[in-house]
Amino acid sequence: MTGEKPDVLLIGNKKPVIVGGLEPKVTLHKLIDAQDKEAFLKSAADKVRALAVAYTADKVDAAFMQRFPKLEQVSSFGVGYDHIDAKWAGAHGITVTNTPEVLNEEVADTALGLLLCTVREFPQAERHVRAGKWVEKQYPLTKATLRNRTVGMVGMGRIGKAIARRLEAFGVPVVYHSRNPQAGVAYKYYPKLVDMARDVDTLMVIVPGGPATANMINAEVLKALGPNGILINMARGSVVDEPALIQALKDRAIYSAGLDVFAKEPQVPKELMEMDHIVLFPHLGSSTEVTRAAMDQLVVDNILAWAAGKPPLTPVPETPYPPKRG
Ligand code: 8YV
């Protein structure tokens, strides 16, 4: 890539860190600015050699990538990349990068916040104060406490480990389930999720989304978790069978849930909205200015590395570097 600026297509919002970081070095085509998106994509298709994807809500499937015959790299925002068909990309010599590590501690903080809110009913207690009800009566004592709970981690990746470390500091026992036992992790490992759900009273879900984990928290797992059970989902809505969860909450087959993610964001099922005994967050695991800026910067840095002919900083496992071009 000597001399001339490579053409990069920006999918999604014009985030200042991404636009500001890329524009001096690449020719940036901003899809969001196009009046006629189809015509815009057609005119850029033969030039575009990389995509910058600004949000995890911006889908990039095989059909989309196929439109760009010179595509070499997809630099995607977010640690999760279930919105990108990375397998297809890998098979077609395209490198996909994500934004891991820089968000671990932020998401782990949110996970603990959501867990505490759910167990101790802090949002409900706050609503009690704002509604002027405290002068009438104390907010009731909560039945649930973190003091006698064991957390079963569903997933023990980088963020899972950061959550588990916090739980340890809180004096909460941790066990885990993941596809394979993790090297160097001393927590008890369960090869079968349903067995772990039976033994614990709290599940903390932090696995990647996508077909391999779709609906893994199903009716059977929720039943095994039992009437004292609390489900915290920090992963993707797709990991939980949402209708089964709604039913389990309605039947009080589990005690409560804290959800940061949903199947069809930003839509939240009415049944969940109407339940006062659960806690709902608007997918804000990593959403501080500082952490989001670090994630955006990694989107930029991966593109700039590629533009300079260097290896990608954070390629996903499905697209090893150097790419195999078929
Ligand atoms: C963001 C995330 O909150 O990195 C991810 O995969 O899910 C979070 O960091 C999410 O991308 C917001 O859309």
Closest non-hydrogen atom pair, [X] against [Y]:
| X | Y | value |
| --- | --- | --- |
| Ser238 | Gly210 | OG-N, 4.0 Å |
| Tyr55 | Phe77 | CA-CD2, 3.8 Å |
| Val200 | Thr150 | CB-O, 3.6 Å |
| Ser76 | Ile84 | OG-CD1, 3.7 Å |
| Asp46 | Lys70 | O-NZ, 3.0 Å |
| Thr145 | Val119 | C-CG1, 3.4 Å |

Any side-chain heavy-atom pair of [X] and [Y] under 4.5 Å:
| X | Y | result |
| --- | --- | --- |
| Leu10 | Ile32 | no |
| Phe170 | Leu146 | yes |
| Phe262 | Leu280 | yes |
| Leu115 | Ile163 | no |
| Asp195 | His177 | no |
| Trp88 | Ile94 | yes |
| Val279 | Gln124 | yes |
| Leu298 | Glu101 | no |

I'd like to know if the side chain of [X] pairs up with that of [Y] as donor and acceptor (distance under 3.5 Å, no hydrogens or angles considered).
| X | Y | answer |
| --- | --- | --- |
| Tyr187 | Glu168 | yes |
| Glu106 | Thr288 | yes |
| Ser287 | Arg292 | no |
| Glu318 | Tyr81 | yes |

message: Evaluate Gln247 against Leu222 for side-chain contact (heavy atoms from CB on, under 4.5 Å), listing each step before the verdict.
response: CA-CA 10 Å; Gln247 199 56 49; Leu222 294 169; over 6 Å; no
Hey, is the main chain of [Y] close enough, under 3.5 Å, to the side chain of [X] for a donor-acceptor pair?
| X | Y | answer |
| --- | --- | --- |
| Asp201 | Ile230 | no |
| Lys15 | Ala54 | yes |
| Asn104 | Val107 | no |
| Glu242 | Ala263 | yes |
| Asp260 | His283 | yes |
| Lys223 | Ala248 | no |
| Thr314 | Thr97 | no |
| Thr319 | Val96 | yes |
| Ser256 | His277 | yes |
| Thr213 | Pro208 | yes |

Within a radius of less than 6.0 Å around [atom1] of [X], do more than 12 heavy atoms belonging to other residues, nucleotides or ligands occur?
| X | atom1 | result |
| --- | --- | --- |
| Arg130 | CZ | no |
| Lys37 | NZ | yes |
| Arg120 | CZ | no |
| Lys30 | NZ | yes |
| Lys133 | NZ | no |

- line: Test side chain to side chain donor-acceptor pair (under 3.5 Å), reference Asp7, set Lys47, Arg49, His29, output is His29
Grouping I, L, V, M, F, W and Y whenever their side-chain heavy atoms are under 4.5 Å apart, do [X] and [Y] come out in a common cluster?
| X | Y | value |
| --- | --- | --- |
| Leu203 | Ile278 | yes |
| Val261 | Leu272 | no |
| Met204 | Met196 | no |
| Ile206 | Leu103 | yes |
| Ile232 | Val268 | no |

- request: In sequence, state the C-alpha distance, the side-chain angles, and the governing distance for Leu9 and Leu41, and then conclude on side-chain contact (heavy atoms from CB on, under 4.5 Å).
  value: CA-CA 9 Å; Leu9 177 66; Leu41 287 172; 3.8 Å; yes
- request: Just do the side-chain contact (heavy atoms from CB on, under 4.5 Å) check on Asn228 and Thr202 with the steps written out, would you?
  value: CA-CA 8 Å; Asn228 200 27; Thr202 311; over 6 Å; no
- request: Check Thr118, Val221, Val240 against Leu231 for a side chain to side chain contact (heavy atoms under 4.5 Å, CB included) and give me the one that passes.
  value: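 It is Val240, the one option of Thr118, Val221, Val240 that forms the side chain to side chain contact (heavy atoms under 4.5 Å, CB included) with Leu231.
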Report the distance from atom [atom1] of [X] to atom [atom2] of [Y], rounding to the nearest 0.5 Å.
| X | Y | atom1 | atom2 | answer |
| --- | --- | --- | --- | --- |
| Leu114 | Asn233 | CG | CG | 9.0 Å |
| Ile217 | Leu225 | CD1 | CG | 8.5 Å |
| Leu284 | Met234 | CG | CE | 7.5 Å |
| Glu271 | Lys250 | CD | NZ | 4.5 Å |
| Thr291 | Asp296 | OG1 | CG | 11.0 Å |

query: Step by step, would you call Thr56 with Arg236 a side-chain contact (heavy atoms from CB on, under 4.5 Å)?
result: CA-CA 11 Å; Thr56 52; Arg236 285 289 182 266; 3.7 Å; yes
- prompt: Given the rule in the salt bridge (charged side-chain N to carboxylate O under 4.0 Å, His left out) test, do Glu105 and Arg166 qualify, once you have shown the distances and angles that lead to the verdict?
  reply: CA-CA 10 Å; Glu105 304 302 321; Arg166 282 162 174 74; 2.9 Å; yes
task: Take the angle between the ring planes of Phe64 and Phe68 and call it parallel below 30°, perpendicular above 60°, tilted in between.
output: perpendicular
Residue pairs fulfilling ring-ring contact (aromatic ring centres under 6.0 Å, His included) with at least one residue in residues 137-164, sequence neighbours excluded: His128-Tyr139
message: Applying salt bridge (charged side-chain N to carboxylate O under 4.0 Å, His left out) to Arg127 and Glu121, what does each step give before you reach the verdict?
response: CA-CA 10 Å; Arg127 293 202 285 273; Glu121 303 175 15; over 6 Å; no
message: Using ring centroids (six-membered ring only for Trp), state whether Tyr190 and Tyr176 fall under 6.0 Å.
response: no
- prompt: So does Glu38 pair up with Arg67, basic N to acidic O under 4.0 Å?
  reply: yes
If you look only at distance, which donor and acceptor atoms sit under 3.5 Å apart when one is on a side chain in residues 151-160 and the other is two or more places apart or in another chain?
none

